[in-house]
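Quick notes on the structure that follows.
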Amino acid sequence: MTAAADTGVPATTADPAYAVRGLSRSYGDVRANDGITLDIGRGEVFGLLGPNGAGKSTFVRQLMGLLRPDAGEVRLLGVDVVARPDVAPRLAAYLAQDEVAIAELTPARAVELTGRLRGLSRAAARRAAADLPDELGLADAAGRPLVRLSGGQRRLAAVATALVGEREVLVLDEPTTGLDPVARRAVWAALERRRSAGATVVLVTHNVLEAETVLDRVAVFERGRVIACDTPGRLKAAVSDDVRLDLVWRHEPPMDDPTVARLARVAEVTGRRWSARLPTAEARTALGRLTAGAAFAALDDFTLATPSLEDVYLALGGVARDLEHE
Amino acid sequence: MSSVSLAAAPPAPGFVATFAAVYAGQVARARVVRASLFFVATLQSLGLVVLLRGVVDDDRVAEKQQVVAGSVVLVIAFVALNLLAQRFGQLRAGHGLDYYAALPVRPAAVVLGIAASYASFTVPGTVIVAVVGALLYGLPLAHLWVLVPVVVLGGAALSGLGAAIGLSARRPELATVCGQLGMSVVLFLGLVRAERMPAVLRGVRAVLPSTYAADALAQALRTDPAYREVWLDLLICGVSGVAALVLATVAYRRAVGAGRR
């Protein structure tokens, strides 16, 4: 991990992968980032969780030096990415939200091109073009242009281009959006392999399950601010007195039932699904009454679960419908 | 999967390697967008050549040469000016320039690679239109080798302008409109000899690099071309090409810089 030295910029091993201080950025009256300060350690898989428009993509573009902050500083392995815009492209790989520049290429060609532009020899780029689609389960589609692939396959191909060249730092904007569970697991496995080899991964996600299972630490974004930043375990521990009661109604819930009426006041309603965060004892009592009473006949499914990152997000003032649960 | 090894970051690719990779990538793209790149431009110019055959008299040799040469240069303008302006307009609007900006590449190599690829996409169309045009109008093919420098130098000039237009446009629709207007100007001013134009249009014609590409080719369609004029036209084309590509590189830097702001 000495690549920073190759750029002619001294970096010590004590430097985190990213040191972000007071980062702010506005678009007109809209504060996309508002005084963000955080460190991302070397070798971490660090997630940015939050709803659309929370400022995550603005933040990752700033991490790559693609967008100048109005105020604050971003250091990559000790190097200021604004003062030295040549450094981030040397040390980090970036996956954007869309693939407009490579849309007409096949996955294999896109990987080869990106590899060549990251400085790989022709032979190494061709090897990567053969290996990476295979690693991500995309071998069957490797010969078709991205525009003729499904959305998920296109995303996988774009992830493959981010992985070519084995950069020390991977900055990935929604790498698993639109992927089916099998493809998502292939991406997680690929990232885990890079992390095991020492890479730092920074990724944007809307997906709570992803955040809980693959991230070492997560920063929760809301309206341009980081409202929490810790390991998923510690964040969940912060709301551990509560549990989540999920109810799925078969038909119209019986509102004349006092327990149902009480839950209706506190639950987040998404179609026929009610989700309520309650103190453990209260949740147990409510579920006991529901399953023993007449309301049980109207229930299709119910779950009592320990807090998730979604509960953390809700506890911090977020809105549940903005996050994915799959 | 082979084991992952994170050695020190590889050095940034050199200018030539970047140019070659970008060029190859664009050529690979052409497989998908070949309809607009190859067929539309060629058919448009072939249509003009056939249509105008009905209105140009047999004894007006200079007009016939100009029509064929102008139609050939129109293929270059369609692809290298119009389509490239649209392409860069799309890239700029869709954050597509981030792809290159996040890679350790030199802007000039990226611009040159893309511009060169679009210039080379014009080769099949220009050859077809030149040969069909010459045969249809009874013009000699002996000096048609001049088409090679015309495509290279005219392609450089027009693709440089196309790139600069696309990269400078704030919205992709503007890039499209400007690209198409530029192509129309090349069309109207390339098909007609300067002597036949009003003075004001002659002035406009004189500042367009496409004029010199068309005039050089029109000379080459003579039985006995005045090669001094051909070389002079090609020289102007070349100088314009260099200037246009420098302009495009500046526009690229500004577009990437605007994305950062």
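Letters A, B, ... are given to chains in the order of the sequence lines, protein chains preceding strands, and every chain is numbered from 1. Given the structure is predicted, the values throughout are model-derived calculations rather than measurements. Because only heavy atoms are used, hydrogens play no part in the values below, and waters and symmetry mates are left out as well, while side chains stay in.
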Distance-only check: which donor-acceptor pairs under 3.5 Å involve side-chain atoms of residues 19-26 of chain B, not counting sequence neighbours?
{"unit_1": "B:Tyr23", "atom_1": "OH", "unit_2": "B:Ser120", "atom_2": "OG", "d": "2.8"}
{"unit_1": "B:Gln26", "atom_1": "OE1", "unit_2": "B:Arg29", "atom_2": "NH1", "d": "3.0"}

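Using a 4.5 Å cut-off on side-chain heavy atoms (C-beta onward), B:Arg31 and A:Thr106 make contact. At a threshold of 4.5 Å between non-hydrogen side-chain atoms, the residues A:Leu113 and B:Tyr99 count as touching. Residues A:Leu66 and B:His95 are not in side-chain contact: their nearest non-hydrogen atoms beyond the backbone lie 4.5 Å or more apart. Side chains of A:Leu117 and B:Tyr100 form a contact here, defined as non-hydrogen atoms less than 4.5 Å apart. B:Leu103 places a side-chain heavy atom less than 4.5 Å from the side chain of A:Arg118.
Using a 4.5 Å cut-off between heavy atoms, A:Arg127 does not touch chain B at all. Within the 4.5 angstrom heavy-atom criterion, atoms from both the backbone and the side chain of A:Thr114 approach chain B. The contact between A:Ala110 and chain B is made entirely by backbone atoms, counting heavy-atom distances below 4.5 Å. Residue contact with chain B, scored on non-hydrogen atoms closer than 4.5 Å, involves the side chain of A:Val147 exclusively.
In this structure, A:Arg90 and B:Pro104 approach most closely via the heavy-atom pair CD-CB, 3.7 Å. When all heavy atoms are compared, the tightest approach of B:Gly96 to A:Val100 is CA-CG1, 3.2 Å. Closest heavy-atom contact between B:Ala17 and A:Arg116: CB-NH2, 4.2 Å.
Chain B forms the most heavy-atom pairs under 4.5 Å with one residue out of A:Glu104, A:Glu99, A:Arg109, and that residue is A:Glu104.
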